[in-house]
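Some notes on the structure that comes next.
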Amino acid sequence: MINITLPDNSVRQYEQGVTGLDIARSISEGLARNVLSVKVNGEVWDATRKINSDARVQLLTWEDAEGKETMWHSSAHLMAEAIEQLYPGSKFGIGPAIENGFYYDIDLGDRVLTEAELAEVEKRMLQLAREKQQFVREEVAKTEALRYFTEKGDEYKIELIGDLQDGTITFYKSGTFTDLCRGPHLPDTSFIKAVKLTSIAGAYWRGDEKRKQLTRVYGITFPKAKELEEYLALLEEAKKRDHRKLGKELELFTFSQNVGAGLPLWLPKGAQLRERLEAYLKKVQKEAGYQPVITPHIGNVNLYKTSGHFEKYGSDSFRPITTPVEGEMFFLKPMNCPHHCEIFAHKPHSYKDLPIRYAEFGTVYRYEQSGELHGLTRVRGFTQDDAHIFCTPDQIKDEFKGVIKIIMRIFKALDFKDFITQISLRDPNNPGKYIGSEENWSKAERAIIEVAEEEGLNAIAVEGEAAFYGPKMDFMVRDALGRKWQLGTIQVDYNLPERFDLYYIGSDNEKHRPVMIHRAPFGSMERFVAVLIEHCAGKFPLWLAPEQVIILPISEKYQNYAQKVLSYLQNSDIRALIDERSEKTGRKIRDAELRKIPYMLIVGEKEELEGTVSVRRQGEGDLGTFTMEAFAARIQEEVAIIHQEQ
RNA sequence: GCCGGUGUAGCUCAGUUGGCCAGAGCAGCUGAUUUGUAAUCAGCUGGUCGGGGGUUCGAAUCCCUCCACCGGCUCCA
């Protein structure tokens, strides 16, 4: 007998060789029907795998992330089986579970798989699922594994096996499909009740652009048909929040082929919104001791040779700008730091001057690959809310802290709760690829980690993700469809001060190298606004809304009174307008709701007589009658929230 | 850049076995209506069918090519 400890710390005794499924059955039949896999001493196993010694066991179902992962990983196998049957000779790369579903990379030979054909694959998958095929785990020797895939002619699997360290190699068989796989898997395919193959894409083998491109098929499965429907409905809802759709509907920005791909045109309302964000950040930065600077959009090629950007990225940027002078070349600036370095260098600095913080909403241009462009989140010309802090190594920690405070203040003001903080550190196995002294690096890395803890950030530290010039901290937010975008960033840089030979005079009257911190709380105005739109689904907080109030006169008879209300509001610094159309009130309300204007004021005979307004809040409905003064006060109070937080 | 998909009026979309002057709703304009919490009625205007080339007696529809957009991959200063 062995002792099995369950998550509630109860201990049960079972025969040696008991499986997760057996344990589930001993608790209840219902549970047994829902067990997808089992966690044994922290490792996820097949629910059908024998447990031979005392263990801590957790049964995993659809409710657990690991349960879903098992489901989706098995679904990838099921899809591979279906594809192998439908398109014999297909070779398989990797087929993992992902955040929402799974994919499999497949070499279909000369065959081109189109989206129309996915329905066939889905059908076959459901057929096979109903066959209740068992997933059979089998331990094989490396030579045997190689022999199997050599016979099959699947060079991808051979390569994968070749890379495996010794230890146990396992195969999983289900139906007619055998795969190299660590597992775990479902007990059988019948758990998969609903299948949706969502898209088809090219993916380079092992993520290497120079290697063969395989066909990647994405899909998702569910244990109940209803859950698939719900998932698809959720996707539909998310699409309504897409900033590209809302940006068009709300007339915030547009693109023109005549201007060029990836070059956004901000429409009046979008520009207003952006200017308000900029004004807000300028105010916050002024309080935090930043000094504004302004630099031109182009720079001499020599500037980028000095900074090292020319060598590294010159070929991927917009082509150089030439002049009447033979050999003279300028580049559209891909970043602001070289310019700011020159500003720092324009005169000598004392240690007493540090830290120096130069801030600029600097517009930069980068020739992103055409396939990468994406609404406002990935463009070729964008404005960073950039600043560069020049400080001593000892000041890094405080400066980091100051920047984090600004970022948190902004995120809080805009109600960004779900963000990911990532600290990027050196790769400890490859110290040679970084510039800067060991001492400075560890000092900076320690400072960042400490600040993150002190500020209560739930940051994840990732080794090997640092830039060659310094460690950094990034803030990432998801869009409506769950894609992660990097917004704010704080980066320590030992490289540019070196390259630009920047120095300050220390108390010892000697020259010292300052450290540079690049930072951008929004990241870029374009990307930030995009994510903001998706976050609030176009219903901006009142202080940001391009139009705050719309006055809806019941009929033309009340135009004069509407004008009077308008003047009153405008004098109170409230952004208002009148819907003067000869339409019914219901129509005006509907249109204002769709325009997502926060407040609607209905004015007619009653209001004119009393000097009041009937207030309707977008998305909420009728709030009752207010005097003009009371309404204006309410608005001002709501707007003032942004100025009160600290 | 690569793989797959899409491109018809300002917007959302009909229109493919190739065939009369390419359609609808919304928006816009004109007029009527004078309206009380999510669409008043009527008339009118508006389209190089993404661009270019080709096949054909005839192309929105078939072929080639370029561009843009969508979903991914790679990349990301």
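Letters go in sequence order (proteins before strands), and every chain restarts at 1.
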Rounded off to whole Å, could you give me the [atom1]-to-[atom2] distance for the [X] and [N] pair?
{"X": "E593(A)", "N": "G36(B)", "atom1": "CD", "atom2": "P", "value": "18 Å"}
{"X": "E556(A)", "N": "G31(B)", "atom1": "CD", "atom2": "C1'", "value": "13 Å"}
{"X": "N495(A)", "N": "A77(B)", "atom1": "CG", "atom2": "P", "value": "13 Å"}
{"X": "R378(A)", "N": "G72(B)", "atom1": "CZ", "atom2": "P", "value": "14 Å"}
{"X": "Q369(A)", "N": "G72(B)", "atom1": "CD", "atom2": "C1'", "value": "13 Å"}
{"X": "K245(A)", "N": "U6(B)", "atom1": "NZ", "atom2": "C1'", "value": "17 Å"}
{"X": "K248(A)", "N": "C70(B)", "atom1": "NZ", "atom2": "C1'", "value": "11 Å"}
{"X": "L250(A)", "N": "C11(B)", "atom1": "CG", "atom2": "P", "value": "15 Å"}

How does RNA chain B look in dot-bracket form if you count Watson-Crick and G-U pairs under 3.5 Å, write [ ] for pairs that cross, and put | where a base pairs with another strand? (((((((..((((.....[...)))).(((((.......))))).....(((((..]....))))))))))))....
Does the pair E368(A) and L373(A) meet the rule for a side-chain contact (heavy atoms from CB on, under 4.5 Å), with working shown? CA-CA 7 Å; E368(A) 303 292 352; L373(A) 302 175; 4.0 Å; yes
Counting C-beta onward and ignoring hydrogens, is there a side-chain heavy-atom pair between V121(A) and M125(A) closer than 4.5 Å? yes
Pairwise [atom1] distance for [N] and [M], with rounding to whole Å:
{"N": "U61(B)", "M": "G52(B)", "atom1": "P", "result": "12 Å"}
{"N": "U40(B)", "M": "A27(B)", "atom1": "P", "result": "9 Å"}
{"N": "U55(B)", "M": "U17(B)", "atom1": "P", "result": "24 Å"}
{"N": "C3(B)", "M": "U12(B)", "atom1": "C1'", "result": "29 Å"}
{"N": "C62(B)", "M": "C70(B)", "atom1": "P", "result": "24 Å"}
{"N": "G25(B)", "M": "G7(B)", "atom1": "P", "result": "22 Å"}
{"N": "U8(B)", "M": "A59(B)", "atom1": "C1'", "result": "14 Å"}

Does any donor atom in the side chain of [X] or [Y] lie under 3.5 Å from an acceptor atom in the other side chain?
{"X": "N440(A)", "Y": "Y494(A)", "result": "no"}
{"X": "E498(A)", "Y": "Y469(A)", "result": "no"}
{"X": "K333(A)", "Y": "T295(A)", "result": "yes"}

Using a strict heavy-atom distance below 4.0 Å, which residues from residues 232-243 of chain A are in contact with RNA chain B? none
Identify, residue by residue, the members of residues 332-341 of chain A with a heavy atom below 4.0 Å from RNA chain B, and return them in order of residue number, or none.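 Residues of residues 332-341 of chain A under 4.0 Å from RNA chain B: P334(A), M335(A).
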Residue pairs passing the salt bridge (Lys or Arg N to Asp or Glu O under 4.0 Å) test where at least one lies in residues 607-623 of chain A, sequence neighbours excluded: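 Every salt bridge (Lys or Arg N to Asp or Glu O under 4.0 Å) pair that includes a residue of residues 607-623 of chain A, provided the two are not neighbours, is E593(A)-R616(A), R617(A)-E638(A).
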Going by salt bridge (Lys or Arg N to Asp or Glu O under 4.0 Å), name the pairs with one or both residues in residues 517-528 of chain A, residues two or more places apart or in two chains. R274(A)-E526(A)
Filtered N/O pairs between nucleotides 40-44 of chain B and protein, under 3.5 Å:
| unit_1 | atom_1 | unit_2 | atom_2 | d |
| --- | --- | --- | --- | --- |
| U40(B) | OP1 | E583(A) | OE1 | 3.3 |
| U40(B) | OP1 | R587(A) | NH1 | 3.4 |
| U40(B) | O4 | S582(A) | O | 3.4 |

Over all heavy atoms of both residues, which pair between L502(A) and C341(A) is shortest? Give the atoms and the distance, please. CD2-O, 3.7 Å
Would you name the heavy atoms of M628(A) and Y568(A) that are closest together and state the gap between them? O-CE2, 3.6 Å
Ignoring the backbone of [X], work out which of [options] is nearest its side chain.
{"X": "I602(A)", "options": "G72(B), A68(B), G36(B)", "value": "G36(B)"}
{"X": "Y218(A)", "options": "C76(B), A38(B), C73(B)", "value": "C73(B)"}
{"X": "R616(A)", "options": "G1(B), G71(B), A38(B)", "value": "A38(B)"}
{"X": "R366(A)", "options": "U12(B), A77(B), U37(B)", "value": "A77(B)"}
{"X": "E368(A)", "options": "U12(B), C76(B), U35(B)", "value": "C76(B)"}

Touch check for E605(A), heavy atoms < 4.0 angstrom, all strands: base, sugar-phosphate only, or nothing? base
Sequence neighbours left out, what passes ring-ring contact (aromatic ring centres under 6.0 Å, His included) with [X]? Give chain and number order.
{"X": "F310(A)", "result": "F331(A)"}
{"X": "F361(A)", "result": "none"}
{"X": "F626(A)", "result": "none"}

Please list all pairs meeting side chain to side chain donor-acceptor pair (under 3.5 Å) that have one or both residues in residues 297-306 of chain A, counting only residues at least two apart or in different chains. H297(A)-Y365(A), N300(A)-N302(A)
Looking at U35(B), I'd like to know if its phosphate oxygens (OP1 or OP2) sit under 4.0 Å from a side-chain N or O belonging to K557(A). yes
Are any protein N/O atoms closer than 3.5 Å to N/O atoms in nucleotides 2-4 of chain B? If there are, list each pair with its distance.
| unit_1 | atom_1 | unit_2 | atom_2 | d |
| --- | --- | --- | --- | --- |
| C2(B) | O4' | Y204(A) | OH | 3.4 |
| C2(B) | O2' | Q213(A) | OE1 | 2.0 |
| C2(B) | O2' | Q213(A) | NE2 | 3.3 |
| C2(B) | O2 | Q213(A) | NE2 | 3.0 |
| C3(B) | O4' | Q213(A) | OE1 | 2.7 |
| C3(B) | O2 | G202(A) | N | 3.0 |

If you draw the axis of the six-membered ring of Y204(A), does the NZ or CZ of R211(A) fall within 45° of it and under 6.0 Å from the ring centre?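 No; the conditions do not both hold, so R211(A) does not lie above the ring face of Y204(A).
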Within 45° of the ring axis of Y367(A) and under 6.0 Å from its six-membered ring centre, is that where the NZ or CZ of R380(A) lies? yes
CG/L609(A): more than 12 non-hydrogen atoms of other groups inside 6.0 Å: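 Yes, because the 6.0 Å sphere around CG of L609(A) holds more than 12 heavy atoms from other groups.
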Pairing residues for E251(A) by the salt bridge (charged side-chain N to carboxylate O under 4.0 Å, His left out) criterion, not counting sequence neighbours: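 By the salt bridge (charged side-chain N to carboxylate O under 4.0 Å, His left out) rule, E251(A) matches K269(A).
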Between S555(A) and H309(A), who's closer to the 5' end of RNA chain B by nearest nucleotide?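 Its nucleotide being nearer the 5' end, the pick is S555(A).
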Can you spot which of I448(A), I407(A), I423(A) makes a side-chain contact (heavy atoms from CB on, under 4.5 Å) with I490(A)? I407(A)
Base A68(B) paired with Q257(A) side chain (donor-acceptor, <3.5 Å): no
